[in-house]
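Just the heavy atoms: all of them, side chains too, but no hydrogens, waters or symmetry mates, feed the values below. In listed order, ligands and their atoms are each counted from 1. One is the number of the first residue; the rest follow in order along the sequence.
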Amino acid sequence: MTTTALCPTIPVDRPDALRQLRAFYVDVLGFTATTQSESVLRLASPVDPRLRLDFQRVDGAGAERKGFQLTVEVLDLDRAHAEVVRQGMRLARPLVTEGVRRSFVVVDPAGLLVEVVAEDAARVFGGAPALRRLTDLVTPAAVRAVVRLGVVELAAGGPTRLADLAERSGADAGALERLLRHLVGCGVFAEPSPRVFALTDVGRLLRDEHRGSRMDWIDPEGISSRMDQALLAMTHSIRTGEAVYPLLFGRSFWKDLATEPDLGDGFNAVMGASTSVVAPRLAACHDWSQVGQVVDVGGGDGTLLIELLRAHPHLLGTLVDLPHTASAARANLVRAGVADRCVVVPGSFFDPLPSGADVYVLSNILHDWDDLEAERILRRCAEAAGRRGRVLVSGLPLDAPVERELTTRLDLMVLALFAGRLRSAEDLVRLAATVGLAPASTQVVAGVCLLTEFVTESVPTASA
Ligand SMILES: C[S@@+](CC[C@H](N)C(=O)[O-])C[C@H]1O[C@@H](n2cnc3c(N)ncnc32)[C@H](O)[C@@H]1O
């Protein structure tokens, strides 16, 4: 049995209550009123129709139900009904069909009336909503289109006429109206008056100012689009355990970024934006006072190193990354005014790293690689750190204390892109042990990022 939505029905007995309730739930909390009559007010979240709330007048005519009641939507109503009968539960109303709506009312063991209904529209159009939510590509594509067209930014100032949005974004007015109409239904835009569109709270999350959010990853051109295409072709990766990206684009993800500077710039920008959220916490949560020299291995556009150098003025830094990204990092370090305390080394972390620093940081690196390659990177860090240095590994672990879907999503993404994998804290310790690194401390930063400090137990012999 699967429940797909839940809706409390709350009885109200004052004549003007429904109007006041509407003012609060619609105007303050942003619910949409899906039905309003003399006797009922039905509300739903515009972005998640599973979040519902009904109010029902119990004083007037037509108020057939009394008392608090729950409506539970299930995928298989007949099976739920058969089970209720098998358990000998009391039915307050037998199974009935009203139009396309089939339901029964049962009294739960706490005495609460529970109306069990078949998932709406499941038999009408477009398949079961629960399945549609899992499989639909139209909405994600529509969101990408409206961002790419710049319409989100154009509407940022407040309600804007369709004609202006179309003219300024260079879109066909009729087609743009169809796009926006769909996004109104999804709760991304509102249409306060005909052909005037405004961003909702959800729509505002798509704005440029939300750097470091999901929004950075949905530009439908450039690197994000290639990543999307790789995800759509994931079946190959599941079949083989290999990255599908090279199959689609003729070279590995990192080679692709190095070959097409625009792609590299795009990736550095989104990666830097996402790292900027956690960088201040990484700069604050570790004891950097004893560290003189830090090497940021695969340091990307310099976001983390800039944060470290700014927060700890005694610190000297080195950033190692592939040549194109190293140049971007150098420019950012100069702009941030910390270049005089920093060396940028264009190169690969599969080659020997600058040795003798106190700390080697690997931020969001190891999950891009399979175990063999991740081990090679760790070995390079351990060799360079020697007996005295430490290796700090930071990134989202597979067993992060967050909703599971957040970690499994990234795990599948790195599989499709680079045959990488997310690792649990335990996996990481096991992997590091193969190159003589032992955990000295571990902490969760910003609720999602595992920061593990390793010391060298036995320095690996330098590999070729
Ligand atoms: C996921 S990003 C992480 C960037 C940065 N550490 C952060 O946390 O924002 C991975 C980085 O690894 C770099 N990289 C990939 N292959 C590399 C290699 N062979 N040697 C050095 N850097 C490499 C990429 O250029 C990119 O900057």
* To do: Would you mind checking which non-hydrogen protein atom is closest to atom 12 (O) of ligand 1, with the distance to 0.1 Å?
  => Ile365 CD1, 3.6 Å

* To do: Look at atom 3 (C) of ligand 1 and find which of Gly299, Gly300, Ser363 reaches it with the closest heavy atom.
  => Ser363

* To do: Mark up the atoms of ligand 1 that fall under 4.0 Å of a heavy atom belonging to Phe350, in ascending order.
  => 19 (N)

* Go through the side-chain N and O atoms of Asp427 and Ser424 and say whether any donor and acceptor fall under 3.5 Å apart. => yes

* To do: Look at atom 15 (C) of ligand 1 and say which protein heavy atom is nearest, naming residue and atom and giving the distance to 0.1 Å.
  => Trp254 CD2, 3.6 Å

* Atom indices of ligand 1, in the order listed, that fall short of 4.0 Å to a heavy atom of Asp368 -> 1 (C), 10 (C)

* Proximity flag Asp321 to ligand 1, non-hydrogen atoms under 4.0 Å -> yes

* Run the contact test for Leu322 against ligand 1 with a 4.0 Å cut-off on heavy atoms, strictly below, and give the result. => yes

* Separation between CG of Leu257 and CG of Asp262, rounded to the nearest 0.5 Å -> 11.0 Å

* Can you tell which part of Trp369 has a heavy atom less than 4.0 Å from ligand 1: side chain, backbone, both or neither? -> side chain

* Measure the acute angle between the ring planes of Trp369 and Trp254, then classify it against the limits of 30° and 60° as parallel, tilted or perpendicular. => parallel

* Structure fact -> When Leu165, Leu154, Val151, Val196 are each screened for side-chain contact (heavy atoms from CB on, under 4.5 Å) with Thr160, the one that passes is Leu165

* Can you pull out the closest protein heavy atom to atom 2 (S) of ligand 1? Residue, atom name and distance to 0.1 Å, please. => Met271 CG, 3.8 Å

* Proximal ligand 1 atoms for Thr325, defined as those under 4.0 Å from one of its heavy atoms -> 25 (O), 27 (O)

* Structure fact -> atom 5 (C) of ligand 1: closest protein heavy atom, distance to 0.1 Å, is Gly298 O, 3.4 Å

* Structure fact -> Logged contact type for Asn364 with ligand 1, heavy-atom cut-off 4.0 Å, is both

* Tell me: protein heavy atom nearest atom 19 (N) of ligand 1, and distance? -> Ser348 OG, 3.1 Å

* Looking at ligand 1, does Gly347 have a heavy atom less than 4.0 Å from it? -> yes

* Less than 4.5 Å apart, any side-chain heavy atom of Leu43 and any of Leu29? -> no

* Assess the side chains of Thr303 and Glu307: does a donor N or O sit below 3.5 Å from an acceptor N or O? => no

* Distance in Å, Asp340 CG paired with Leu316 CG, rounded so as to fall on 0.5 Å steps -> 9.5 Å

* Can you tell me the protein heavy atom closest to atom 17 (C) of ligand 1 and the distance? -> Phe349 CZ, 3.2 Å

* To do: Step by step, work out the salt bridge (charged side-chain N to carboxylate O under 4.0 Å, His left out) result for Arg79 and Glu83.
  => CA-CA 6 Å; Arg79 209 143 65 84; Glu83 185 59 22; over 6 Å; no

* Is a side-chain donor-acceptor pair under 3.5 Å present for Gln293 with Thr318? -> yes

* **Phe418 to ligand 1, any heavy atom closer than 4.0 Å** => no

* Are a donor atom and an acceptor atom from the side chains of His367 and Asp411 found within less than 3.5 Å of each other? -> no

* Structure fact -> Short version for Leu304: what comes under 4.0 Å of ligand 1, heavy atoms counted, is neither

* Structure fact -> CG (Leu451) and NE2 (His286) are apart, to the nearest 0.5 Å, by 7.0 Å

* Is the shortest N/O to N/O distance between Thr275 and ligand 1 below 3.5 Å? -> yes

